[in-house]
Peer 1: 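Pasting in a structure now, in structure tokens, and then I'll have a few things to ask.
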Amino acid sequence: MIAGIDVGKRKSYMAVIEGEEVTYIGEPRFDIPLKFVGIDAPLTMPKSGFFRECERKLQKIGIVVIPPIFLRDIHEIGVRFMERFRSMGVEVFEVYPYATRYILGMRYSKKKREGRLKILEGLSKYLKFPYTEDHNEIDAIISALTVKFYLNGKGENICGEDGCITVPMMQR
């Protein structure tokens with residue numbers, strides 16, 4: 001099973017994929033026998049400056065990235081999730097749902113209802129899932145889907161000396 005975690009300051013969300021279906025959406029749980037988890041949070045910080053090398057690589061192809069130094073709270077929560085899952089033998093990936101949506105052509109605003117509906121329509125090509133318009137739950141689903149792409153050979157790690165972000169395979 002694969003999970004995706006959308007990390008938030010007040011509340012985090014988790015989606016679990018079994019096969020081609022999302023079987024759980026809700027608060028993060030540690031009692032589900034997971035093998036892999038994608039965490040939507042910077043799991044490392046830049047060695048210097050505002051951005052890590054992996055983020056600069058994403059910027060070069062047009063993907064907007066928030067500097068991780070502005071996400072310290074999210075980073076700390078994400079690292080705690082990472083450590084807990086790793087202690088349970090779960091393989092952890094850092095993911096960025098916006099990058100996944102960008103690469104898959106779902107370049108709609110998740111802040112607007114019509115954008116979320118178009119994102120859900122795009123996701124339905126890859127997974128069955130319970131209907132939700134909550135952008136946090138959608139990001140948790142996308143986080144899990146990103147790891148699924150990677151495990152199926154349809155994803156890649158964009159890496160630098162100070163971290164990696166897993167994304168769907170990009171056309172080059």
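This one's a predicted model, so the numbers in the text were calculated from it and none came from an experiment.
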Peer 1: Looking at Ile66, I'd like to know if its CD1 atom is crowded, meaning that more than 12 non-hydrogen atoms belonging to other residues, nucleotides or ligands lie closer than 6.0 Å.
Peer 2: no

Peer 1: Drop me the distance from Ile17's CD1 to Ile141's CD1, to the nearest 0.5 angstrom.
Peer 2: 8.0 Å

Peer 1: Any side-chain heavy atom of Thr100 within less than 4.5 Å of one from Val95?
Peer 2: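 They are not in contact (no side-chain heavy atoms under 4.5 Å apart), so the answer is no.
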
Peer 1: Check whether any side-chain heavy atom of Met106 sits under 4.5 Å from a side-chain heavy atom of Ile142, and report yes or no.
Peer 2: no

Peer 1: Assess whether atom CD of Glu121 is packed by more than 12 heavy atoms of other residues, nucleotides or ligands within 6.0 Å.
Peer 2: no

Peer 1: On a heavy-atom basis, which atom in Lys148 and which in Glu20 lie closest, and how many Å separate them?
Peer 2: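 The answer is NZ-OE2, 3.2 Å.
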
Peer 1: Measuring from atom NZ of Lys154 to atom CE of Met169, what distance do you get when rounded to the nearest 0.5 angstrom?
Peer 2: 10.5 Å

Peer 1: Testing the 3.5 Å rule here: is there a donor-acceptor pair between the side chains of Asp139 and Tyr98?
Peer 2: no

Peer 1: Nearest 0.5 Å, what's the CD1-NZ distance between Ile2 and Lys35?
Peer 2: 10.0 Å

Peer 1: Run the side chain to side chain contact (heavy atoms under 4.5 Å, CB included) test on Ile165 and Asn157 for me, step by step, so that the C-alpha distance in whole Å, both residues' side-chain angles and the decisive distance to 0.1 Å come before the verdict.
Peer 2: CA-CA 6 Å; Ile165 299 173; Asn157 288 318; over 6 Å; no

Peer 1: Determine, stepwise, if the pair Glu133 / Leu117 fulfils side chain to side chain contact (heavy atoms under 4.5 Å, CB included).
Peer 2: CA-CA 7 Å; Glu133 286 190 32; Leu117 294 176; 4.0 Å; yes

Peer 1: Does NZ or CZ of Arg56 lie under 6.0 Å from the centre of the six-membered ring of Phe51, at an angle within 45° of the ring axis?
Peer 2: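 So Arg56 doesn't make the cation-pi contact.
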
Peer 1: When you measure from the side chain of His135 to the backbone N and O of Lys110, does any donor-acceptor pair fall under 3.5 Å?
Peer 2: no

Peer 1: Would you check if Asp6 and Glu137 make a side-chain contact, meaning some heavy-atom pair closer than 4.5 Å?
Peer 2: no

Peer 1: Between Ala3 and Met14, which heavy-atom pair has the shortest distance, and what is it?
Peer 2: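 Answer, listing the atom of Ala3 first, then Met14: CB-CE, 4.0 Å.
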
Peer 1: Nearest heavy-atom pair of Arg52 and Glu94: which atoms, and what distance?
Peer 2: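 Scanning both residues, the minimum pair turns out to be NH2-OE2, 2.6 Å.
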
Peer 1: Counting only N and O atoms by type, is there a donor-acceptor contact under 3.5 Å from the side chain of Tyr24 to the main-chain atoms of Ile32?
Peer 2: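 Between the backbone of Ile32 and the side chain of Tyr24 there is no qualifying donor-acceptor contact (under 3.5 Å).
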
Peer 1: Do Leu43 and Phe81 touch side chain to side chain, with heavy atoms closer than 4.5 Å?
Peer 2: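 In short, these two side chains do not touch, never coming nearer than 4.5 Å.
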
Peer 1: Write down the atom of Ile74, the atom of Pro42, and the distance for their closest heavy-atom approach.
Peer 2: CG2-CD, 4.3 Å

Peer 1: If you look at every heavy atom in Val37 and Val147, which pair is closest and at what distance?
Peer 2: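 Taking every non-hydrogen atom into account, C-CG2, 4.1 Å.
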
Peer 1: Is the shortest side-chain heavy-atom distance between Val7 and Ile39 below 4.5 Å?
Peer 2: yes

Peer 1: Testing the 3.5 Å rule here: is there a donor-acceptor pair between the side chains of Ser143 and Asp40?
Peer 2: no

Peer 1: Looking at side-chain heavy atoms only, is the closest gap between Leu34 and Val16 below 4.5 Å?
Peer 2: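 Counting from C-beta outward, Leu34 and Val16 do come under 4.5 Å.
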
Peer 1: On the ring face of Tyr108, is Arg116 found with NZ or CZ under 6.0 Å from the centre and within 45° of the axis?
Peer 2: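 No, a cation-pi geometry is absent between Arg116 and Tyr108.
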
Peer 1: Measuring from atom CG of Asp162 to atom NZ of Lys47, what distance do you get when rounded to the nearest 0.5 angstrom?
Peer 2: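 Nearest 0.5 Å value for the CG-NZ distance: 6.5 Å.
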
Peer 1: For the rings on Phe149 and Tyr126, is their centre-to-centre separation under 6.0 Å?
Peer 2: yes

Peer 1: Do Ile5 and Tyr13 come close enough that some side-chain heavy atom pair is under 4.5 Å?
Peer 2: no

Peer 1: State, yes or no, whether a side-chain contact exists between Glu55 and Tyr96 at a heavy-atom distance under 4.5 Å.
Peer 2: no

Peer 1: What do you reckon, is NZ of Lys57 surrounded by more than 12 foreign heavy atoms closer than 6.0 Å?
Peer 2: yes

Peer 1: Please step through side chain to side chain contact (heavy atoms under 4.5 Å, CB included) for the pair Leu151 and Phe36, ending with a clear verdict.
Peer 2: CA-CA 9 Å; Leu151 295 172; Phe36 308 97; 3.4 Å; yes

Peer 1: Heavy-atom count around Phe30 CZ within 6.0 Å, excluding the residue itself: above 12?
Peer 2: yes

Peer 1: Any idea which heavy atoms bring Arg72 and Ile69 closest together, and the distance?
Peer 2: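 In this case the closest contact between Arg72 and Ile69 is CG-O, 3.5 Å.
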
Peer 1: Hey, what do you get for Cys54 versus Cys164: SG atoms under 2.5 Å apart or not?
Peer 2: no

Peer 1: What's the separation between atom CZ in Arg101 and atom OG1 in Thr146, rounded to the nearest 0.5 Å?
Peer 2: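 It is 11.0 Å, given to the nearest 0.5 Å.
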
Peer 1: Can you tell me how far the CG atom of Leu58 sits from the NZ atom of Lys60, to the nearest 0.5 Å?
Peer 2: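 Spacing of CG (Leu58) from NZ (Lys60) equals 11.0 Å.
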
Peer 1: Kindly determine whether Ile103 and Ile63 satisfy side chain to side chain contact (heavy atoms under 4.5 Å, CB included), including the steps that lead there.
Peer 2: CA-CA 9 Å; Ile103 293 165; Ile63 297 173; 4.2 Å; yes

Peer 1: Okay, side chain of Glu156, backbone of Met170: is any donor-acceptor separation there less than 3.5 Å?
Peer 2: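 Yes.
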
